[in-house]
Amino acid sequence: MEPKENGNQSDHVIEGPTNPMVTPLLNDLYQFTMAYAYWKANKQNERSVFDLYFRKNPFGGEYTVFAGLDECIKFLANFKLTNQEIDYVRDSLPGSEEAFCDYLRGLDCSDVEVYAIPEGSVVFPKVPLMRVEGPVGVVQLLETPFLNLVNFASLVATNAARHRFVAGKSKSLLEFGARRAQGPDGAISASKYCYLGGFDATSNVAAGKLFGIPLRGTHSHAFVSSFMSTDEIVDKVLHSADGETTCEDFVSLVQTWLTKIQYLPSLRGFFSETNQSELAAFISYALAFPKAFLALVDTYDVMKSGIPNFCAVALALNDLGYKALGIRLDSGDLAYLSTETRKFFCTVENELKVPGFGKMVVTASNDLNEETIDALNKQGHEVDAFGIGTYLVTCYAQAALGCVFKLVEINNQPRIKLSEDVTKVSIPCKKRSYRLYGKEGYPLVDIMTGENEPPPKVGERLLCRHPFNESKRAYVVPQRVEELLKCYWRGSADEAREELPPLKDIRDRCIKQLENMRSDHMRRLNPTPYKVSVSAKLYDFIHFLWLNEAPVGELQ
Ligand SMILES: Nc1ncnc2c1ncn2[C@@H]1O[C@H](COP(=O)(O)OP(=O)(O)OP(=O)(O)O)[C@@H](O)[C@H]1O
Ligand SMILES: O=P(O)(O)OC[C@H]1O[C@H](OP(=O)(O)OP(=O)(O)O)[C@H](O)[C@@H]1O
Ligand SMILES: O=C(O)c1cccnc1
Ligand SMILES: [Mg+2]
């Protein structure tokens, strides 16, 4: 097939969502109830526009990472109810007419359009992340699945981005959450979106296979405590890295090194007998993975056993031309232990003249989160990599993002949802949104306009108004204008639309955008809110509609 007009369109079929449980029935009953009632009222084909957006940034921050779009498009492109599903819906709507089943049978997304902000973008409250337009009967059925696909994805991607922010660019961040995640989809989604939000790797093998995320891992305490003594090691042979020499008894070589370290002038008296079952475990791991030796050093005593044992094995490997990778700490005071470990490594490097030994990787894990990493930074530490599970993947600090899906127009008539709580009032109309950049290259403000208003122009002064607060407004002269909503679906996979980029590209976009935010929006304590605004025209219209729709009270 030839590429279509704009050249950035993909010709292939869009595969289904990652999770086969994502079907049209992954929905709230009321969406089907409404679909039936729309159909009964012969309204099902009325052209509707819905906005998907959130109202407040999570984790006490002032930014959010948008994620989940790719899965929404995959869902929509394959939206079709099976006969069994239709039978089940009919049985769930007592008294529904058989002809409704024919309607459901014919339902697909060939008359739906989706405009969205590119996945991996930094986004802000009230600005539509997605604008979904189409026959109200079918678009109503997209609400719950879309919210399900976007809410956790964006929340966990933001959580990952926040962990990255506090850890710093130079640290490796490993997602270790599969065992603690909320079920299988919680685990797979967390691995995918933590990578998107800036993690480097996952321990989750299925996620590695599904999404090409780099896999990383160490070993557990079970492996260490499964060994009793070095007598268990039967095959002690290890060939050198270049294959030219053979060490017949690697165990003895390690033991010789252990004695040497013990008597190093600056380590004399530092440790005496180390744990021999731990030593056996380390030697066995090294024999299995001589090119990638690492060790969990806190099973018995980090400084008196784990670290000396690890160094003895690493030095023996070094004799044979291998470079050990490093250690993992999983308990205790991680600031103190990582610093002591680094000192030990540097002493070995200097006294035994082993270049690079002091630079081995120290990985830390154990109930880590933004706060503990921040505390470690303040104390000073020597951790190079953080392995993070529970707090990251369960989004322990905030349970949900709270994205909503609101009707903003039907049959070309703008609609508004009023609320006592002004933050819950929806912004009506089919809109366009733009990000305006200032002189220093940072984004200054997002602005929403009516669909037919002329776009903001570079160098032209523009009034940006707070959507609900009359006194809050500012003139902006943008140095760059970026239209935020792009077309991701226009009825079929063959119509001109944005590509669904590979996960790695989405991650790169996310990292780049986060780096380009002004630092006061990003700081953890009392960050400055990013401004979200509407054009003067849209402001006036919102308030006109508000007055029109709100009944006037009568005092008695
Ligand atoms: N220097 C530090 N500053 C602040 N928090 C730390 C520091 N070192 C470790 N932590 C955190 O303190 C908590 C210690 O938890 P806890 O007392 O359960 O573990 P532990 O006793 O070290 O190990 P175990 O898992 O064997 O019980 C963890 O959340 C860990 O991330
Ligand atoms: O602490 P998290 O951030 O969730 O990271 C994952 C944890 O999983 C492992 O612990 P394990 O399952 O062996 O349990 P334990 O640490 O509670 O003993 C690992 O040793 C980490 O401590
Ligand atoms: O590879 C690891 O070290 C790991 C993986 C999952 C959970 N805890 C640790
Ligand atoms: Mg643990």
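Just so it is clear, the model here is predicted, and its values are computed rather than measured. We count ligands from 1, going down the list as the structure has it; atoms in each ligand are counted the same way.
Closest to atom 4 (O) of ligand 2 among all protein heavy atoms lies Thr390 OG1, 2.5 Å. Looking only at protein heavy atoms, the nearest one to atom 12 (O) of ligand 2 is Arg179 NH1, 2.6 Å. When only non-hydrogen protein atoms are considered, atom 1 (O) of ligand 2 lies nearest to Asp367 N, 2.7 Å. Scanning all protein heavy atoms for the shortest distance to atom 8 (N) of ligand 3 gives Phe176 CD1, 3.6 Å. Protein heavy atom in closest approach to atom 3 (O) of ligand 3: Thr218 OG1, 2.4 Å.
Separation of the Tyr53 and Phe405 ring centroids does not fall under the 6.0 Å cut-off. Aromatic ring centroids of Phe54 and Phe124 lie 6.0 Å or more apart. Taking the six-membered ring for Trp, Phe386 and His381 have ring centres closer than 6.0 Å. Residues Tyr285 and His219 bring their aromatic ring centres within 6.0 Å.
Listed by number with element, the atoms of ligand 3 under 4.0 Å from a non-hydrogen atom of Arg179 are 6 (C), 7 (C). The ligand atoms of ligand 3 that sit less than 4.0 angstrom from a heavy atom of Gly217 are 1 (O). Residue Arg328 approaches ligand 3 through these ligand atoms, each under 4.0 Å from one of its heavy atoms: 3 (O), 9 (C).
Using cut-offs of 30° and 60° for the angle between ring planes, the Phe270 and Phe344 rings count as perpendicular. Ring planes of Phe79 and Phe75: perpendicular class, angle over 60° (limits at 30 and 60°).
Selection from Gly387, Ser220, Gly389, Ala364 by nearest heavy atom to atom 3 (O) of ligand 2 gives Gly389. Compare Glu175, His221, Arg180, Arg328 by their heavy atoms: the one nearest to atom 10 (O) of ligand 2 is in Arg180.
Residue contacts with ligand 2: Asp330 is placed with a nitrogen or oxygen under 3.5 Å of a nitrogen or oxygen of the ligand (distance criterion only). Polar contact with ligand 2: absent for Tyr391 (N/O pair, distance under 3.5 Å).
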>> What verdict does the side chain to side chain donor-acceptor pair (under 3.5 Å) test give for Asn369 and His163, after you've listed the backbone C-alpha separation in whole Å, the side-chain angles of each residue and the deciding distance to 0.1 Å?
In response: CA-CA 7 Å; Asn369 57 27; His163 281 77; 5.9 Å; no
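Within 4.0 Å of atom 18 (O) of ligand 2, not a single protein heavy atom is present.
Shortest non-hydrogen contact noted between Glu273 and Gln262 is N-NE2, 4.2 Å.
Under 3.5 Å, the side chains of Arg216 and Thr202 contain no donor-acceptor pair of N or O atoms.
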